[in-house]
There are 2 protein chains.
Amino acid sequence: MENLTTRQQEIFDFIKKEIEFNGYPPTRSEIAKVFGFKSPNAAEDHLKALKKKGVLNIISGASRGISINKEDIGIPVIGLVSAGGPILAQENIEKRIPSSQNILSHGVDFYLRVKGDSMIEAGILENDLIAVNKKAQIKKGSIVIARINDEVTVKTLKSISPELVILQPENSNYSDIEVNPKVEELSFEGTCVGLLRDFA
Amino acid sequence: MENLTTRQQEIFDFIKKEIEFNGYPPTRSEIAKVFGFKSPNAAEDHLKALKKKGVLNIISGASRGISINKEDIGIPVIGLVSAGGPILAQENIEKRIPSSQNILSHGVDFYLRVKGDSMIEAGILENDLIAVNKKAQIKKGSIVIARINDEVTVKTLKSISPELVILQPENSNYSDIEVNPKVEELSFEGTCVGLLRDFA
DNA sequence: TTCAATACTGTATATAATTACAGTTATGGA
DNA sequence: TCCATAACTGTAATTATATACAGTATTGAA
């Protein structure tokens, strides 16, 4: 997918929102009206551009025949996180899971595939997908996605202070991880707000 | 919601399927064509009936202005199962979770809220939602939703033969349940194909 | 500097789509 | 028996919609 221009992204987001809200896509005129275009053809041009860039599909002749390509809907699933870059970098995205907005009570920014068995006593198994909210407040007792020296890990946050953060695995075979944020690089990618398991 | 007639249910299901597949609702003519109506007005009549029964909404004047009422989309979540009736009876439906079709690799007929801790060693905790497929083959080793003498339970199917079915809890504090289908009433409501947990 | 792409205005038209009106047939109550 | 509901056919008109064509202005890359 080529990158969209600011304007194109706006149009695209509007279409997406309309589909979600109304249950059907907008017409050219409706787009034009919302964006203040004096001609429906401005919308037509945008649709053509968006189609060309591969983010949506237009069924010729059909009214409201706009559909958003599946890959562009949905919440990204992060498999292995490559070192260095941001967690949501394109190369980390394993696939996408359709909207699912209302499935969980919190917003989900991405899903993270669980590696290892360090959380089994919290009912989190290997290969489960953890639903992560990036903005939810990081607090004691919640399950957090932390990045320590560029390595991503999922643990319960046992305690947090300026010079000592304790991350607790939920598996009696493992011991707590103690990090001094002033010495080691520590950041929080988000909080676990849900879990998805697929018995494939 | 009043009950739909067979025909109305067919039309409704078709509309739902179209929205999911195409991303936008069908026109009257498209409905008529699929069902073999010679007049688009037959579809119009059906839409009016469906609207009257409250399962969908029609935006007058808008092409493809059909939207399905949120309560009628989605997969039902079953909380407590009342004795006697079928598991999917209206009174058992706690809420509905939007489509999510492609979230799990198997089809999901309903979600069942887990009571108790008998499956914690399989990573299934109390209040988790188990995704259930009604038609998937019941086989040894899979987690099944069984009904024994009208009581619904989730267990691993350890062994199955005409006179002895062994259901195994995944919790060392509990012991296996042995059922003779010839003596006790035993039926399978489905197989567990996934799990959903919401950290509310 | 020339060209393609972006971002529109303005006009026009074929056709897609909604939807009313007038019927027909069958069914199952009241 | 009468009437409402369901499930259609058939016709037709209004309006909603897609979409082509002809422009204009701006920008950034070749």
Side-chain angles (χ1 to χ4, degrees), chain A residues 1-69 72, chain B residues 1-69 72:
Chain A
M1 177 179 93
E2 298 177 57
N3 288 331
L4 304 183
T5 66
T6 311
R7 201 54 163 163
Q8 285 167 356
Q9 189 66 54
E10 280 172 29
I11 309 272
F12 181 73
D13 289 344
F14 169 71
I15 293 169
K16 212 153 92 172
K17 207 194 73 206
E18 283 289 291
I19 291 173
E20 240 157 51
F21 190 77
N22 293 327
Y24 49 84
T27 64
R28 275 72 166 164
S29 298
E30 285 166 5
I31 297 171
K33 200 176 164 191
V34 165
F35 286 90
F37 304 157
K38 301 209 172 135
S39 164
N41 190 55
E44 174 74 17
D45 282 356
H46 277 296
L47 289 179
K48 277 179 186 154
L50 289 170
K51 183 184 178 166
K52 202 173 165 190
K53 293 195 174 175
V55 297
L56 50 76
N57 208 25
I58 293 165
I59 288 76
S60 121
S63 70
R64 301 179 192 272
I66 302 169
S67 60
I68 290 176
N69 288 338
D72 293 303
Chain B
M1 178 180 91
E2 297 177 58
N3 288 330
L4 304 183
T5 66
T6 310
R7 201 56 164 159
Q8 285 168 357
Q9 189 66 56
E10 280 172 29
I11 308 273
F12 182 72
D13 288 343
F14 169 71
I15 293 169
K16 213 153 90 172
K17 208 193 70 206
E18 283 291 290
I19 292 174
E20 244 156 48
F21 189 77
N22 292 327
Y24 49 84
T27 64
R28 274 72 165 165
S29 297
E30 286 167 7
I31 297 171
K33 199 177 166 190
V34 165
F35 286 89
F37 304 157
K38 302 209 171 133
S39 164
N41 191 54
E44 174 76 17
D45 281 356
H46 277 296
L47 289 179
K48 277 179 184 154
L50 289 169
K51 184 184 179 167
K52 203 173 164 191
K53 293 195 173 173
V55 297
L56 50 76
N57 207 25
I58 293 164
I59 289 76
S60 119
S63 70
R64 302 179 192 273
I66 301 169
S67 60
I68 289 175
N69 289 337
D72 293 303

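All chains are named by letter (A, B, ...) in the order of the sequence lines, taking the proteins before the strands, and each is independently numbered beginning at 1.
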**Q.** Test log, rule side-chain contact (heavy atoms from CB on, under 4.5 Å), inputs A/Leu50 and A/Ile66
**A.** CA-CA 11 Å; A/Leu50 289 170; A/Ile66 302 169; over 6 Å; no

Q) Given that A/Ala49 and B/Pro26 both sit by DNA chain C, which one's nearest nucleotide is further toward the 5' end? A) A/Ala49

Q) What's the verdict on side-chain contact (heavy atoms from CB on, under 4.5 Å) for B/Ile15 and B/Glu20, showing C-alpha distance, side-chain angles and the deciding distance? A) CA-CA 9 Å; B/Ile15 293 169; B/Glu20 244 156 48; over 6 Å; no

Q: Round to the nearest Å and state the distance from B/Arg64 atom CZ to C/dT18 atom P.
A: 7 Å

(Q) Roughly what angle, to 10°, lies between the helix axis at the start of the helix from C/dT1-D/dA30 to C/dA30-D/dT1 and the one at its end, five pairs per end? (A) 30°

Q) Within this structure, what is the CG-to-P distance between B/Asn41 and C/dA17, rounded to whole angstrom? A) 17 Å

Q: Give the rounded distance in Å between these two atoms: NZ of B/Lys48 and C1' of C/dA20.
A: 7 Å

Q. Where is the tightest heavy-atom contact between B/Gly54 and B/Asn69, given as atom of each residue plus distance?
A. O-ND2, 2.6 Å

Q.
Please evaluate residues B/Asp45 and B/Leu47 with respect to the criterion side-chain contact (heavy atoms from CB on, under 4.5 Å), reporting the C-alpha separation (whole Å), side-chain torsions for both, the decisive distance (0.1 Å), and the verdict.
A. CA-CA 5 Å; B/Asp45 281 356; B/Leu47 289 179; over 6 Å; no

Q) Between A/Lys48 and A/Glu44, is there a side-chain N and carboxylate O pair less than 4.0 Å apart? A) yes

Q) Do the side-chain N or O atoms of B/Arg28 get closer than 4.0 angstrom to the phosphate oxygens (OP1, OP2) of C/dT18? A) yes

Q. Roughly how many Å is it from CG in B/Asp45 to P in C/dG23, rounded to a whole number?
A. 16 Å

Q | B/His46 and B/Phe12 aromatic centres sub-6.0 Å | A | no

**Q.** 5' to 3' contact window, DNA chain D with chain A (heavy-atom distance under 4.0 Å)
**A.** D/dT17 to D/dA22

**Q.** Short side-chain N/O contact from A/His46 to OP1 or OP2 of C/dC8, under 4.0 Å
**A.** yes

Q. Has the side chain of B/Arg64 got a donor or acceptor atom that lies under 3.5 Å from a matching backbone atom of B/Pro25?
A. yes

Q. Roughly, in whole Å, what's the span from CD in A/Glu10 to C1' in C/dT6?
A. 14 Å

Q: Would you mind checking if B/Arg7 and B/Glu10 are paired as a salt bridge, meaning a charged N to carboxylate O distance below 4.0 Å?
A: yes

Q. For C/dA17, does OP1 or OP2 lie under 4.0 Å from any side-chain N or O of A/Ser63?
A. yes

Q: Round to a whole Å and report the spacing from CD1 of A/Ile66 to C1' of C/dA16.
A: 15 Å

Q. If you pin B/Thr5 and B/Ala62 to their nearest nucleotides in DNA chain D, which one's is more 5'?
A. B/Thr5

Q: For B/Arg7 and C/dT27, give me the distance from atom CZ to atom C1', rounded to whole Å.
A: 16 Å

Q) At their closest point, which heavy atom of B/Ala42 faces which heavy atom of B/Phe37, and how far apart are they? A) CB-CD1, 3.4 Å

Q) Would you say the side chain of A/Ile59 lies within less than 4.5 Å of the side chain of A/Ser67, judging by non-hydrogen atoms? A) yes

Q: Could you tell me whether the phosphate oxygens of C/dA5, OP1 or OP2, come under 4.0 Å of any side-chain nitrogen or oxygen in A/Gln8?
A: no

(Q) Under 4.0 Å, counting only non-hydrogen atoms across every strand here, what does B/Ser39 touch: a base, just sugar-phosphate, or nothing? (A) base

Q.
Whole angstroms only, please: what is the CZ-C1' distance between A/Phe37 and C/dT11?
A. 18 Å

Q | 5'-most by nearest nucleotide on DNA chain D - A/Ser60 or B/Lys38 | A | B/Lys38

